[in-house]
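Worksheet: one structure, shown below.
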Amino acid sequence: MTAIRPLGALELDIAAALHGAAFAEWGERAWSRADFAGLLAAPGTVALLHDGATPDGLALGRHAADEGEILTLAVHPLARRHGVGRALIAALLARLAAAGAAQVFLEVAADNAGAQALYRGFGFEVAGRRPAYYARAGLPPADAVLMRRVA
Ligand SMILES: CC(C)(COP(=O)(O)OP(=O)(O)OC[C@H]1O[C@@H](n2cnc3c(N)ncnc32)[C@H](O)[C@@H]1OP(=O)(O)O)[C@@H](O)C(=O)NCCC(=O)NCCS
């Protein structure tokens, strides 16, 4: 049995809690249960959950025509640096490719070196920059780096 499986419609609270725990250190707004419900209902969304002892990571993406997008990747702080993020992105990219995505895009905070290293490991390259893209509690907004991977 694989540790990665689709995020179920009854697991919205788990998803919201994981997202909040993962992004708290960045001061970014946690996605709510309603945010996840909306994304799961949208056409082309792929949502994956990783099970450790408890659910400890998630990745969301979507595809439309021949393009894919990574919407978020979140690993619980206690589960990091054990390959969970890498396994989730590998599984997500496989599903996006199977759905016909010839190229995949993502945005990541310009100062998030760890996540950028993870994505570079999958062949993503910087394709642009979006100034003041991320609102952060009590801090100035942060730039996003746009990354692209061609299948
Ligand atoms: C980024 C994140 C998803 C990584 O998850 P993870 O399960 O710890 O990642 P992995 O263990 O699979 O790491 C894979 C590789 O990515 C790189 N990497 C991951 N975290 C890193 C860090 N903090 N510093 C430097 N490199 C890092 C390394 O190359 C790592 O390989 P290695 O451990 O063999 O050196 C996790 O830290 C997280 O949830 N962060 C907060 C949310 C976030 O930044 N999401 C991504 C932006 S949308």
Side-chain angles (χ1 to χ4, degrees), residues 1-7 11-40 42 44-64 67-97 101 103-151:
M1 193 183 80
T2 174
I4 293 179
R5 61 185 173 81
L7 172 70
E11 295 176 309
L12 302 178
D13 290 326
I14 290 172
L18 256 178
H19 190 274
F23 281 94
E25 72 199 82
W26 296 98
E28 287 176 25
R29 185 184 72 84
W31 292 5
S32 67
R33 176 192 170 83
D35 292 330
F36 279 99
L39 287 166
L40 283 190
T45 299
V46 180
L48 301 175
L49 194 66
H50 180 275
D51 284 316
T54 59
D56 55 12
L58 64 83
L60 261 70
R62 70 176 156 217
H63 55 84
E67 283 190 10
E69 185 183 5
I70 294 177
L71 297 171
T72 198
L73 169 66
V75 174
H76 193 281
L78 297 177
R80 289 184 187 164
R81 300 310 287 269
H82 293 294
V84 174
R86 188 186 280 128
L88 280 163
I89 291 302
L92 184 59
L93 289 175
R95 282 164 177 74
L96 293 176
Q103 52 181 346
V104 178
F105 294 88
L106 63 85
E107 280 113 8
V108 57
D111 55 359
N112 190 345
Q116 287 176 44
L118 189 159
Y119 293 132
R120 274 197 306 276
F122 283 95
F124 280 91
E125 294 178 353
V126 173
R129 197 172 177 104
R130 304 196 196 285
Y133 187 79
Y134 294 106
R136 286 183 173 168
L139 292 170
D143 291 358
V145 168
L146 173 67
M147 301 185 86
R148 172 176 178 256
R149 174 185 193 261
V150 178

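For ligands, and for the atoms within them, numbers begin at 1 and follow the listed sequence. Values below: every heavy atom of this structure, side chains too, minus hydrogens, waters and symmetry copies.
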Task: Best match, G121, G57, G83, G114: closest heavy atom to atom 27 (C) of ligand 1 - done: G114
- [ ] Please write down residue, atom name and distance for the protein heavy atom closest to atom 5 (O) of ligand 1.
- [x] V75 CG2, 3.5 Å
Open item on the list: If you measure every N or O of R81 against every N or O of ligand 1, does any of those distances drop under 3.5 Å?
Closed with: yes
- [ ] Do me a favour and list the nearest non-hydrogen protein atom to atom 36 (C) of ligand 1 with residue, atom name and distance?
- [x] R80 NE, 3.5 Å
- [ ] Measure the spacing between CG of L73 and CZ of F23 and express it to the nearest 0.5 Å.
- [x] 7.0 Å
Open item on the list: Could you identify the single nearest non-hydrogen protein atom to atom 44 (O) of ligand 1 and state the distance to 0.1 Å?
Closed with: N112 ND2, 2.6 Å
Task: For P131 against D143, the heavy-atom pair lying closest together - done: CA-OD1, 3.3 Å
Open item on the list: So Y119 and R149, do their side chains get closer than 4.5 Å, heavy atoms only?
Closed with: no
Open item on the list: For atom 7 (O) of ligand 1, what is the closest protein heavy atom, and at what distance to 0.1 Å?
Closed with: G85 N, 2.8 Å
Open item on the list: Closer than 3.5 angstrom, by distance alone: can the side chain of H76 be matched with the main-chain N or O of L78 as a donor-acceptor pair?
Closed with: yes
Open item on the list: Heavy-atom contact check, 4.0 Å cutoff: does Y119 meet ligand 1?
Closed with: yes
Task: Validation row: L49, L18 side chains within 4.5 angstrom (heavy atoms) - done: yes
Task: Atom indices of ligand 1, in the order listed, that fall short of 4.0 Å to a heavy atom of V84 - done: 7 (O), 12 (O)
- [ ] Starting from atom 41 (C) of ligand 1, find the nearest protein heavy-atom neighbour and note its residue, name and distance.
- [x] A22 O, 3.3 Å
- [ ] Would you confirm whether R95, through its side chain, and V46, through its main-chain N or O, come within 3.5 Å as a donor-acceptor pair?
- [x] no
Task: F23 N/O under 3.5 Å from ligand 1 N/O - done: no
Open item on the list: Give me the atom names and distance for the closest heavy-atom approach of R80 to A22.
Closed with: NH2-O, 3.2 Å
Task: More than 12 heavy atoms of other groups within 6.0 Å of E25 CD - done: yes
- [ ] List the closest protein heavy-atom neighbour of atom 29 (O) of ligand 1: residue, atom name, distance to the nearest 0.1 Å.
- [x] A117 CB, 4.3 Å
Open item on the list: If the cut-off is 4.0 Å to any non-hydrogen atom of L73, which atoms of ligand 1 fall inside it?
Closed with: 3 (C), 42 (C), 43 (C), 45 (N), 46 (C)
Task: atom 38 (C) of ligand 1 touched by protein (heavy atom, under 4.0 Å) - done: yes
Open item on the list: Tell me whether H82 has any N or O atom under 3.5 angstrom from an N or O of ligand 1.
Closed with: yes
Open item on the list: Looking only at protein heavy atoms, which one is nearest to atom 15 (C) of ligand 1, and what is the separation?
Closed with: R86 NH2, 3.4 Å
TODO: Evaluate the side-chain proximity of E28 to R136: yes if any heavy-atom separation is below 4.5 Å, no if none is.
DONE: yes
Open item on the list: So for A74, does at least one of its heavy atoms come nearer than 4.0 angstrom to any atom of ligand 1?
Closed with: yes
Open item on the list: Could you report the tightest heavy-atom contact between L88 and G57, atom names first, then the distance?
Closed with: CD1-C, 3.6 Å
TODO: Could you find the nearest protein heavy atom to atom 4 (C) of ligand 1 and give me its residue, atom name and distance?
DONE: L118 CD1, 3.8 Å
Open item on the list: Once you measure the plane-to-plane angle for H19 and F36, does it fall in the parallel (<30°), tilted (30-60°) or perpendicular (>60°) bin?
Closed with: perpendicular
Open item on the list: Below 3.5 Å, N or O to N or O, backbone or side chain included: is there any such pair between A115 and ligand 1?
Closed with: no
